[in-house]
Amino acid sequence: MTKINENFLKLQAGYLFPEISRRIRTFQAKNPDANIISLGIGDVTQPLAPAIIEAMKKAVIDMGSVANFHGYGPEHGYDFLINAIIENDFKNRGIELDKSEIFISDGTKCDIGNIQEIFGIDNTVAISDPVYPVYVDSNVMAGRTGQANQNGQYDKLIYMPCTAENNFLPDLPDTEVDIIYLCFPNNPTGAVAPKEVLSKWVDFAHKNKAIILFDAAYEAFITDPDIPHSIYEIDGAKEVAIEFRSFSKTAGFTGVRCAFTVVPKQLKAYTKDGRALEVNPLWNRRHCTKFNGTSYISQAGAAATYAPEGKKQTRQIINIYMSNAALIRTSLTKLGYEVYGGVNAPYIWVKTPNGLSSWDFFDRLLTKTRVVGTPGAGFGPAGEGYLRLSAFAKPESVKEAMERFTGV
Ligand SMILES: *Cc1c(COP(=O)(O)O)cnc(C)c1O
């Protein structure tokens with residue numbers, strides 16, 4: 001008799017996006033002519049930069065020749081990409097990394113979902129509320145939590161509420177925690193962490209022998225020069241943090257797939273009897289056992305984002321999204337909304353007016369403006385009373401959406 005992993009039964013139904021689709025379908029059925037604009041998506045809309053297309057075409061041609069064919073590549077990625085990452089993403093910011101500390105993959109979702117496998121089941125995990133659901137669900141599946149309560153919050157997880165009162169920056173837990181998920185620039189709130197905030201977390205991790213899992217998928221959207229792009233810009237962070245980066249949002253790779261994870265050699269975790277062991281070899285073992293490398297074509301495309309033309313072109317695309325973000329911010333501010341984010345992140349976190357619930361505001365916007373956002377409550381209880389608007393839509397859609405907001 002086959003037993004299932006009963007941890008999966010604790011998972012809450014994937015409620016948010018199916019429910020949004022259901023409400024849109026119902027509305028569209030009643031209003032077949034309604035032209036609905038979605039600012040709800042977390043996916044990019046601009047095509048890949050021409051330099052990336054050229055690099056990928058060349059890689060495809062390579063695959064068709066005996067001399068340049070590529071079969072299985074190294075599990076942790078090709079040197080041409082790893083070297084470009086080290087030079088451009090880290091050395092430029094004063095961070096020295098060794099090739100063995102970078103693991104190329106096909107996505108941050110997989111990496112940040114998988115990383116918990118190398119840590120014991122009895123670690124206490126702290127996450128922000130609201131949160132990117134992958135951090136939570138991967139720990140539920142592994143059995144690191146109890147059951148969910150009626151708010152959808154799991155027993156044994158430590159939730160760190162992020163609201164306007166704390167600038168959407170989680171307070172340090174007052175209990176002992178072993179693993180901390182941080183995401184800056186943040187999805188969904190658009191908040192960023194200044195140096196002193198990250199330093200506080202690095203100190204906390206040192207004191208508690210804890211590890212920070214730092215999701216930097218949106219670092220390329222930072223415009224303020226004082227905001228760190230990498231947690232390793234903080235002294236001592238290499239001893240306590242793993243960083244996740246992705247080409248998905250920074251270079252439009254959501255459909256191409258390429259990302260990487262940084263596991264510094266200095267990072268240690270502990271056996272039950274207190275022996276300190278390096279984490280890097282464990283992740284290396286896990287990665288090489290369960291992953292067979294990212295496609296050569298994807299990696300060639302990713303490497304092109306670091307060459308001068310590719311850099312310039314991907315920057316232009318990011319600027320399109322950030323102009324969208326600026327337009328959303330200024331339009332809504334002018335209309336009297338309380339808005340957060342959108343300066344160093346492609347998400348705008350809007351306080352619902354007159355104390356409306358997230359879903360009531362969602363419905364009101366859909367009915368009155370035919371604009372779709374993402375109800376903040378879907379990302380966790382502390383997201384109640386907010387709505388996420390994404391700057392990843394096409395500029396003309398954003399412009400039209402903002403015009404429709406007038407008079408809601
Ligand atoms: C989009 C996103 C990612 C990127 O995931 P990929 O699997 O690399 O596409 C990672 N973290 C957050 C918070 C995201 O929103």
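One-based numbering, in listed order, for ligands and for the atoms of each.
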Any idea which atoms of ligand 1 are less than 4.0 Å away from a heavy-atom of [X]?
X	answer
Ala217	3 (C), 10 (C), 11 (N)
Gly107	7 (O), 8 (O)
Ser246	4 (C), 6 (P), 8 (O)
Lys109	5 (O), 6 (P), 7 (O)

What one should report as the nearest heavy-atom pair of Asn35 and Arg404 is O-NH1, 2.9 Å
Closest to atom 9 (O) of ligand 1 (heavy atoms only, candidates Ser248, Pro133, Pro185) is Ser248
(request) Kindly identify the option in Arg257, Lys249, Arg245 whose heavy atom sits closest to atom 6 (P) of ligand 1. (result)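 It is Arg257 that holds the nearest heavy atom.
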query = Salt-bridged, Asp203 to Lys207, with N to O below 4.0 Å?
reply = no
>> Give me the residue, atom name and distance of the protein heavy atom closest to atom 15 (O) of ligand 1.
In response: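 Result: Tyr218 OH, 2.6 Å.
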min-distance protein heavy atom vs atom 13 (C) of ligand 1 -> Asp215 OD2, 3.3 Å
Query raised in the report: Is the cationic atom of Lys351 (NZ for Lys, CZ for Arg) positioned less than 6.0 Å from the six-membered ring centroid of Tyr386 and within 45 degrees of its normal?
Result: yes
Result for side-chain hydrogen bond (donor to acceptor under 3.5 Å, both in side chains) between Asp215 and one of Tyr135, Tyr132, Tyr181 points to Tyr135
Centre-to-centre under 6.0 Å for Phe80 and Tyr306, is that the case here? no
For the residue pair Phe291 and His76, is the inter-centroid distance of their aromatic rings smaller than 6.0 Å? no
